[in-house]
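The next block holds one structure in the form of structure tokens; read it before the comments.
For the numbers below, each heavy atom of this structure counts, side chains included, while hydrogens, waters and symmetry mates do not. Residues take their numbers from the sequence shown, with the count starting at 1.
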Amino acid sequence: MKIEYEVIQKNELNESHRELFSEMLQKQGKVKGDTSEKTDRCKFICIAKIDSTAVAIGAIKQKTASDFSSQKADIPDLSDDFDWELGYLFTENDFLGQGIASIIVSTLIKSYGTDNLMASTEISANPAMLRILEKNGFKLFGKPWKSAIHGNYLGLLLKLK
């Protein structure tokens, strides 16, 4: 089984990338709105494939500024220090626990560079992602908040240069 990781910059996105990424975001079920539009707002996307079949995705996307607000993490003074967010991570159930998300995260960070980067994740419902982010230099800041989409508690993690 050979896993291939493809990182695509915004200016290199084609319709096939958009459709595939959008389809995977819909499977993830944690994103509101037009998933094709969300794909177009990414600086980079990463698609992991096994035998030409997509099994996982991730992206560097425009930051969710509201995550810094007093209604969420309650650290509004830090918002201006961040422009981009690591997110849209999803792995098909049959491929969980194989390190694919960890490689996507480190690959995207390497493509992005050393500037400040944020991420938000489910704190207790997804401890594996929390560990992956911490392993890659992210630290939890602010207070957790309840997601309006799925009801789990989220935390804001920041990676400072």
Side-chain angles (χ1 to χ4, degrees), residues 3-50 52-69 72-73 75-92 95 99-122 126 128-142 145 147-150 154-161:
I3 304 174
E4 294 178 347
Y5 298 88
E6 181 182 12
V7 176
I8 305 106
Q9 292 184 24
K10 179 181 179 114
N11 62 343
E12 296 172 347
L13 281 174
N14 62 37
E15 198 53 39
S16 174
H17 296 130
R18 283 182 188 87
E19 286 176 16
L20 177 60
F21 199 84
S22 179
E23 182 180 303
M24 297 286 279
L25 271 182
Q26 289 170 13
K27 284 183 183 181
Q28 179 203 48
K30 297 180 181 178
V31 177
K32 283 185 180 178
D34 183 341
T35 53
S36 294
E37 198 174 283
K38 294 189 182 301
T39 304
D40 285 335
R41 295 193 331 229
C42 295
K43 183 177 184 107
F44 298 100
I45 66 169
C46 182
I47 301 170
K49 293 181 179 179
I50 297 176
S52 301
T53 300
V55 297
I57 58 168
I60 302 292
K61 63 187 191 98
Q62 291 177 344
K63 77 174 180 184
T64 306
S66 66
D67 286 357
F68 292 89
S69 73
K72 293 186 178 180
I75 49 173
D77 294 347
L78 293 179
S79 181
D80 288 344
D81 295 335
F82 295 84
D83 294 317
W84 298 98
E85 176 177 1
L86 175 69
Y88 296 154
L89 292 154
F90 170 72
T91 303
E92 294 279 5
F95 300 95
I100 296 171
S102 186
I103 293 171
I104 287 175
V105 167
S106 61
T107 300
L108 283 167
I109 290 170
K110 184 178 177 185
S111 296
Y112 176 72
T114 59
D115 286 341
N116 290 344
L117 191 59
M118 65 170 283
S120 63
T121 194
E122 298 165 82
N126 195 354
M129 184 52 65
L130 188 60
R131 282 192 305 276
I132 289 168
L133 292 170
E134 289 173 339
K135 182 176 87 172
N136 281 280
F138 286 85
K139 293 186 180 6
L140 194 58
F141 280 77
W145 70 95
S147 170
I149 297 174
H150 48 72
L154 299 172
L156 180 61
L157 290 100
L158 305 178
K159 181 175 173 56
L160 301 164
K161 56 179 166 174

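- Between Ser147 and Glu122, the side chains place no donor N or O within less than 3.5 Å of an acceptor N or O (distance only, hydrogens not considered).
- Taking all atoms of both residues into account, the shortest heavy-atom contact from Phe138 to Met118 is CE2-C, 3.8 Å.
- Lys139 places no side-chain N or O within 3.5 Å of a backbone atom of Leu160 that could act as its donor or acceptor partner.
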Q: For Lys110 and Thr107, run side chain to side chain contact (heavy atoms under 4.5 Å, CB included): C-alpha distance rounded to whole Å, both residues' side-chain angles, the deciding distance at 0.1 Å, then the answer.
A: CA-CA 5 Å; Lys110 184 178 177 185; Thr107 300; 5.8 Å; no

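- Closest non-hydrogen pair, Ala59 versus Tyr88, comes out as CB-CD1, 4.0 Å.
- Residues Ile45 and Met24 form no side-chain contact, since every pair of their non-hydrogen atoms from C-beta on lies 4.5 Å or further apart.
- Under the 4.5 Å side-chain criterion, counting only non-hydrogen atoms from C-beta, Gln9 is in contact with Phe44.
- Listed here is the closest heavy atom pair of Lys10 and Arg41: NZ-CA, 4.0 Å.
- Taking the side chain as every heavy atom from C-beta outward, Ile109 and Val105 approach each other to under 4.5 Å.
- Of all heavy-atom pairs between Ser66 and Lys72, the closest is OG-NZ, 3.1 Å.
- Summarising the geometry of Leu157 relative to Thr121, their closest heavy-atom pair is CD1-CG2, 3.7 Å, with the distance given to 0.1 Å.
- Within the 3.5 Å criterion, the main-chain N or O of Ile75 finds no donor-acceptor partner in the side chain of Ser79.
- Thr35 is not listed as a side-chain neighbour of Phe21, based on a closest heavy-atom distance of 4.5 Å or more.
- Between Glu92 and Lys27 the shortest side-chain heavy-atom distance falls below 4.5 Å.
- A donor-acceptor pair under 3.5 Å links the side-chain atoms of Gln28 to the main chain of Leu89, judged by distance alone.
- Residue Lys30 qualifies as enclosed at atom NZ: its count of foreign heavy atoms under 6.0 Å is above 12.
- A donor-acceptor distance shorter than 3.5 angstrom exists from the side chain of Lys159 to the backbone of Asn136, with no hydrogens or angles considered.
- Of all heavy-atom pairs spanning Ser102 and Lys135, the tightest one is OG-NZ, 2.8 Å.
- A 4.5 Å side-chain heavy-atom check between Trp84 and Asp115 finds every atom pair outside the cut-off.
- You'll find the side chain of Tyr5 stays beyond 4.5 Å of the side chain of Val7, heavy atoms only.
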